[in-house]
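Below: one structure, written as structure tokens.
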Amino acid sequence: MSDSQTTQLLEQELFFDTIRERRSVRNYDPAVKISQEELTEILQQATLAPSSANMQPWRFLVIDSTELQQKLLPIAFNQQQVVEASAVIAILGDLENIKEVQKIYGQAVDAGFMPEQTAASFIERYTNMHASLPPEIIRQIVFTDCGLVAMQLMNIARAKGYDTVPMGGYDKGKFIEAFGISDRYVPVMLVAIGKAANPGRPTTRLPIEDVTFFNEMPQE
């Protein structure tokens, strides 16, 4: 086996270890604080996730103020990870993400990834497409893309030695009101991030043959 093949295998194992070691952690060491610089770095890596037409509809409200975490606590039904974790990241979907289309494809041109004419064609196509889509379809696309970035965020956090838990159990209406979220944005989930005080509970998964079917679905 060549050195490059050995290196590749080691990198794969490290990646697989990160996936296997990720747990939903609900007890955090409140003494551990992740700096805003490191949180920004984690989020920057997370945004390498794919999205529909590369429109990147995710927006992050990072709540790392003790006072605001306490404010969030009753909204999140008093789940203690909200105040024990270093931060809670609210993943929001931008329902008007099409407003960024010029910037996104302009960056692609500046980076030499596509010619200006191609970018102009994409901008026109996606602008027209967005205008024709029903609101519920736009919302579905945004939720899908935000789910992709959330999973990427949690795996990156684990690779850096931190722990996370995705949270759908909170009062979205009260969250919107308490944190001044405009109608442009839809709350998708909260992700608590920090250092585990107690390890997350191991869980099992359904056998792969129960959830995977090649070429046709089973008849029920």
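Annotation: the span from D64 atom CG to I89 atom CD1 amounts to 9.5 Å, rounded to 0.5 Å. Here OG1 of T66 is found 12.5 Å from CD1 of I63. Values are rounded to the nearest 0.5 Å. One finds the OG1 atom of T127 at 12.5 Å from the NZ atom of K99 (value rounded to the nearest 0.5 Å). For the atom pair E96 CD and S182 OG, the distance stands at 7.5 Å (nearest 0.5 Å). Rounding to the nearest 0.5 angstrom, the gap separating the OG1 atom in T164 from the CD1 atom in I156 is 11.0 Å. Distance check, rounded to the nearest 0.5 Å: CD1 of I123 to CG of N128 gives 11.5 Å.
A pairwise comparison of heavy atoms in L48 and Q152 identifies C-NE2, 3.5 Å as the closest pair. Closest non-hydrogen pair, G93 versus V188, comes out as N-CG2, 3.9 Å. When all heavy atoms of L148 and P50 are compared, the pair lying nearest together is CD1-O, 3.5 Å. A76 and M167 make their closest contact through CB-CE, 4.1 Å (heavy atoms, listed as atom of the first residue, atom of the second, distance). Heavy-atom minimum distance, P166 versus M154: CD-SD, 3.6 Å. A pairwise comparison of heavy atoms in T18 and R158 identifies O-CG, 3.5 Å as the closest pair.
Taking a 6.0 Å sphere around CD of Q36, one finds it holds 12 or fewer heavy atoms contributed by other residues, nucleotides or ligands. Enclosure of atom CD in Q117 is not indicated, since only 12 or fewer non-hydrogen atoms of other residues, nucleotides or ligands lie within 6.0 angstrom. By the neighbour-count criterion of 12 heavy atoms within 6.0 Å, atom CZ of F77 is densely surrounded, having more than that number from other residues, nucleotides or ligands. No more than 12 heavy atoms of other residues, nucleotides or ligands shown are found within 6.0 angstrom of CZ on R201. Enclosure of atom CG in D110 by more than 12 non-hydrogen atoms of other residues, nucleotides or ligands within 6.0 angstrom is indicated. Within a 6.0 Å radius of CD in E21, more than 12 heavy atoms belonging to other residues, nucleotides or ligands are found. Within 6.0 Å of atom CD in Q12, more than 12 heavy atoms from other residues, nucleotides or ligands are found, so the atom counts as buried in its surroundings.
The main-chain N or O of I181 is never found under 3.5 Å from a side-chain atom of R184 such that the two would form a donor-acceptor pair. K71 places a side-chain N or O within donor-acceptor distance of the main-chain N or O of A178, the cut-off being under 3.5 Å. Judged by distance alone, the side chain of T212 and the main-chain N or O of E209 form no donor-acceptor pair under 3.5 Å. Proximity of a side-chain donor or acceptor of D210 to a complementary backbone N or O of L206 within less than 3.5 Å is not detected. Proximity of a side-chain donor or acceptor of Q81 to a complementary backbone N or O of N27 within less than 3.5 Å is not detected. Looking only at distances, no side-chain donor or acceptor of S86 sits under 3.5 Å from a matching main-chain atom of G194. For the pair D163 (side chain) and A196 (backbone), a donor-acceptor distance under 3.5 Å is present. Checking side-chain atoms of E124 against main-chain N and O of A119 turns up no donor-acceptor pair under 3.5 Å. When atom types are taken as modelled, the side chain of K172 and the backbone of M189 share no donor-acceptor pair closer than 3.5 angstrom.
For the pair V88/V191, no side-chain contact is recorded, criterion being any heavy-atom separation below 4.5 Å from C-beta on. I176 has its side chain within reach of P187: a pair of non-hydrogen atoms, C-beta onward, lies under 4.5 Å apart. Side-chain contact between V186 and V142 is present, with at least one heavy-atom pair separated by less than 4.5 Å. At least one side-chain heavy atom of Q70 sits under 4.5 Å from a side-chain heavy atom of L73.
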Test side chain to side chain contact (heavy atoms under 4.5 Å, CB included) applied to L72 and I75, step by step: CA-CA 5 Å; L72 179 59; I75 294 171; 4.2 Å; yes
Verdict with supporting geometry, L39 and F60, side chain to side chain contact (heavy atoms under 4.5 Å, CB included): CA-CA 11 Å; L39 286 168; F60 309 108; over 6 Å; no
Residue pair M114, F122: steps toward the side chain to side chain contact (heavy atoms under 4.5 Å, CB included) verdict: CA-CA 10 Å; M114 67 174 59; F122 283 172; 3.7 Å; yes
Test log, rule side chain to side chain contact (heavy atoms under 4.5 Å, CB included), inputs Y185 and L61: CA-CA 11 Å; Y185 306 104; L61 175 60; over 6 Å; no
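By the criterion of side-chain heavy atoms lying less than 4.5 angstrom apart, applied directly or through intervening Ile, Leu, Val, Met, Phe, Trp or Tyr residues, I193 is grouped together with I91 in one hydrophobic cluster. In the hydrophobic clustering of this structure, V25 groups with V82; members are Ile, Leu, Val, Met, Phe, Trp, Tyr whose side-chain heavy atoms approach within less than 4.5 Å, directly or through other members. Put simply, I104 and I138 are part of the same group of oily side chains (I, L, V, M, F, W, Y) that touch within less than 4.5 Å, one to the next. Residues F175 and F143 do not share a hydrophobic cluster, clusters being chains of Ile/Leu/Val/Met/Phe/Trp/Tyr side chains in contact below 4.5 Å. Placement of I141 and Y126 within a single hydrophobic cluster is found when ILVMFWY residues are connected by side-chain heavy-atom separations under 4.5 Å, directly or transitively.
We find that R26 and E84 are not joined by a salt bridge, their nearest charged nitrogen and carboxylate oxygen being 4.0 Å or further apart. Ion pair E177/K174 not flagged as a salt bridge, since none of the NZ, NE, NH1 or NH2 atoms sits closer than 4.0 Å to an Asp/Glu carboxylate oxygen. Salt-bridge annotation for R59 and D94: present, with a side-chain N of the basic residue lying under 4.0 Å from a carboxylate O of the acidic one.
Annotation: cation-pi geometry not satisfied between K103 and Y105 (NZ/CZ under 6.0 angstrom from ring centroid, within 45° of ring axis).
In this structure, a donor-acceptor pair under 3.5 Å is present between the side chains of R205 and T203. Residues Q56 and N54 have side chains that bring a donor and an acceptor to within less than 3.5 angstrom of each other. In the model, Y162 has a side-chain atom that pairs as donor or acceptor with a side-chain atom of E38 under 3.5 Å.
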